[in-house]
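Okay, structure first, notes after.
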Amino acid sequence: MGRTLEITPVTVTATANGDHQMEKQATDVEGSSPVKRRHATSNLEAATHLFKGSVGAGLFAMGDCFKNGGLAGATILLPIIAVMCVHCERMLIRGSVLAVERTPGATFFDYPETVEKCFEYGPRPLRRMSRIMKLIVEMFLCVTQFGFCAIYFVFITENLYQVLQQNGVDISMSMVMLITLLPAMIPSLMTNLKYISPVSAFANVALLFGLIATLSIAFSDGPMPPLGDRHLFTSGSQLSLFFGTALFSYEGIALILPLRNSMRKPENFSSRFGVLNSTMFFTTALFIFTGFVSYVRWGEDVAGSITLNLVVEDVLSQVVKVVAALGVFLGYPIQFFVMMKILWPPLKRSNSCAQKYPISMQVALRFVMVMMTFGVALVVPQLNLFISLIGALCSTCLAFVIPVLIDFVVRAQVPKGLGHWSYAKNLLILAVALLGIVTGTYQSIVEIIRQFK
């Protein structure tokens, strides 16, 4: 036991090559033979899932994001936020790998288990907090993923309802939402991430088609207005709205460990030109291009989703609305997968029937949870306002606050592991996170009160 609890300074303090050394999650604890993974995903499949998990409704909100951040301001700040997200995701991965190395028989840990083990092996005063921290992370993850799943129902329903009304199909919004239930249900009942790959791949194609078609319409709709007519920088409450939209757009941190753990070669996930860096670079470039073009074209009139700026009477615009909404909606199984990874294990441990019939019981649980997200979306049509509030509180904590706490706990276990640079860097991330939580929560509450009035 004493040998397994040792952490060498190289493992914790290494940076460029240290990340590579700590990515030995594909081997067992004794370091002998590789762990055989059934249904393991490839690099391309992992990148597809990560792209779909990170690019959803937020992609079509980039015009509004640039309106709140300004052309120059948003172009500068988006890459900074992306770098912060990737850095925090790497800290989460490092903590997970260290926890695996110190736990006999373990092959991988997801986000909640990583937090629990890092605190459990951390400084003595923090060890009693391990279980509480795990529960907090699980609560944040469940609330966030549940909210994302529900808002996807609302997103496609609103777009499809507009198109149907324009074409003389007079059915209620509730009936339209009921039509979307079956397409969401079928892939969500699948219990293995690999089997969701075709759905995720099709969602990416639909999403990119909708985006390309929308931007093509924007470019073809006469000459672009001059850049001088748009704000380069903004301030005050608009920046807080920009921060909230940007963080919502990078919504994929909950998928980082499940995706990495499901890979055939997990060390390829966070290598220099691996899945994480490549996908986030492409995602950020796509965000900037989409937001820049959308804000230049529609200016202060740009909608929360740029598809809403398209003329609904035009047939091509209607097709774009449906396809783009479909691309966003098919991300439902990916977000749902994370929520089930949290809910299923404790149920299986505590229920004898679940242990005897694991597949049947898991499918039944998935059916119930899909119906619950559908029910919430049906009962609360203004769900997007509450999702903004949940995102400001939960998503920011998951993306920034918790990884920084993990880094503090891990580095505190090694003499001089917490240097001046580590303190300064982590405190800066915490300051940005707290600013986003306070301002984002405030703006969300203001909007909720305004809507209900």
Side-chain angles (χ1 to χ4, degrees), residues 52 55-64 67 148-188 198-222 290-291 293-295 297-336 370-371 373-385 387 451:
K52 187 65 206 74
V55 177
L59 174 61
F60 294 95
M62 279 296 112
D64 185 64
K67 180 182 73 174
F148 284 150
C149 291
I151 197 64
Y152 284 2
F153 272 116
V154 177
F155 188 92
I156 190 173
T157 299
E158 291 178 345
N159 283 270
L160 190 58
Y161 179 76
Q162 286 184 351
V163 174
L164 292 176
Q165 289 292 310
Q166 179 62 31
N167 288 275
V169 181
D170 189 16
I171 60 176
S172 65
M173 184 86 74
S174 300
M175 184 59 65
V176 175
M177 188 175 292
L178 184 62
I179 295 174
T180 68
L181 177 61
L182 185 60
M185 178 72 73
I186 294 175
S188 298
V199 177
S200 183
F202 181 77
N204 287 339
V205 172
L207 197 69
L208 291 176
F209 170 81
L211 177 65
I212 293 172
T214 301
L215 295 180
S216 298
I217 294 173
F219 278 115
S220 62
D221 192 18
T290 303
V293 172
S294 302
Y295 181 47
R297 164 55 66 190
W298 292 296
E300 300 303 312
D301 294 328
V302 67
S305 173
I306 58 176
T307 56
L308 299 179
N309 287 106
L310 304 179
V311 180
V312 72
E313 289 81 7
D314 182 61
V315 176
L316 178 59
S317 297
Q318 294 180 30
V319 173
V320 171
K321 288 174 183 285
V322 174
V323 173
L326 183 62
V328 172
F329 182 71
L330 289 178
Y332 183 100
I334 306 298
Q335 303 294 346
F336 189 81
V370 171
M371 294 304 298
T373 58
F374 171 80
V376 170
L378 190 65
V379 173
V380 189
Q382 295 295 327
L383 191 64
N384 61 311
L385 298 177
I387 292 300
Q451 287 291 328

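All values below come from the heavy atoms of this structure, side chains included, with hydrogens, waters and symmetry mates left out. For reference, positions follow the sequence shown, starting with 1.
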N/O donor-acceptor pairs under 3.5 Å from side chains in residues 205-217, not counting sequence neighbours:
unit_1	atom_1	unit_2	atom_2	d
Thr214	OG1	Gly210	O	2.7
Ser216	OG	Ile212	O	2.7

- Query: What's the spacing between Ile156 CD1 and Met177 CE if we round to 0.5 Å?
  - Reply: 10.5 Å
- Grab the two heavy atoms, one from Ser188 and one from Ala184, that are nearest each other, plus how far apart they are. OG-O, 2.7 Å
- For Phe374 and Leu178, run side-chain contact (heavy atoms from CB on, under 4.5 Å): C-alpha distance rounded to whole Å, both residues' side-chain angles, the deciding distance at 0.1 Å, then the answer. CA-CA 8 Å; Phe374 171 80; Leu178 184 62; 3.9 Å; yes
- With a 4.5 Å heavy-atom cut-off, do Tyr152 and Thr373 have their side chains touching? no
- Message: Within the 4.5 Å heavy-atom criterion, are Val370 and Tyr332 side-chain neighbours or not?
- Response: yes
- Query: Quick one: does Val302's side chain get under 4.5 Å of Arg297's, heavy atoms only?
  - Reply: no
- Message: I need the minimum non-hydrogen distance between Ser294 and Gly63, along with the two atoms involved.
- Response: CB-CA, 3.7 Å
- Shortest non-hydrogen contact between Tyr161 and Ile171, atoms and distance: CE1-O, 3.3 Å
- Message: Applying side chain to side chain donor-acceptor pair (under 3.5 Å), can you list everything that pairs with Thr180, at least two apart in sequence or on another chain?
- Response: none
- Calculate, to the nearest 0.5 Å, the distance between atoms OG1 and CE belonging to Thr157 and Met175 respectively. 12.0 Å
- side-chain contact (heavy atoms from CB on, under 4.5 Å) between Asn167 and Gln318: does it pass, once the steps are laid out? CA-CA 10 Å; Asn167 288 275; Gln318 294 180 30; 2.6 Å; yes
- Item | Phe60 CZ to Asn309 CG distance, which is reported to the nearest 0.5 Å | 12.5 Å
- Considering only heavy atoms from C-beta outward, does the side chain of Ile306 approach that of Met62 to under 4.5 Å? no
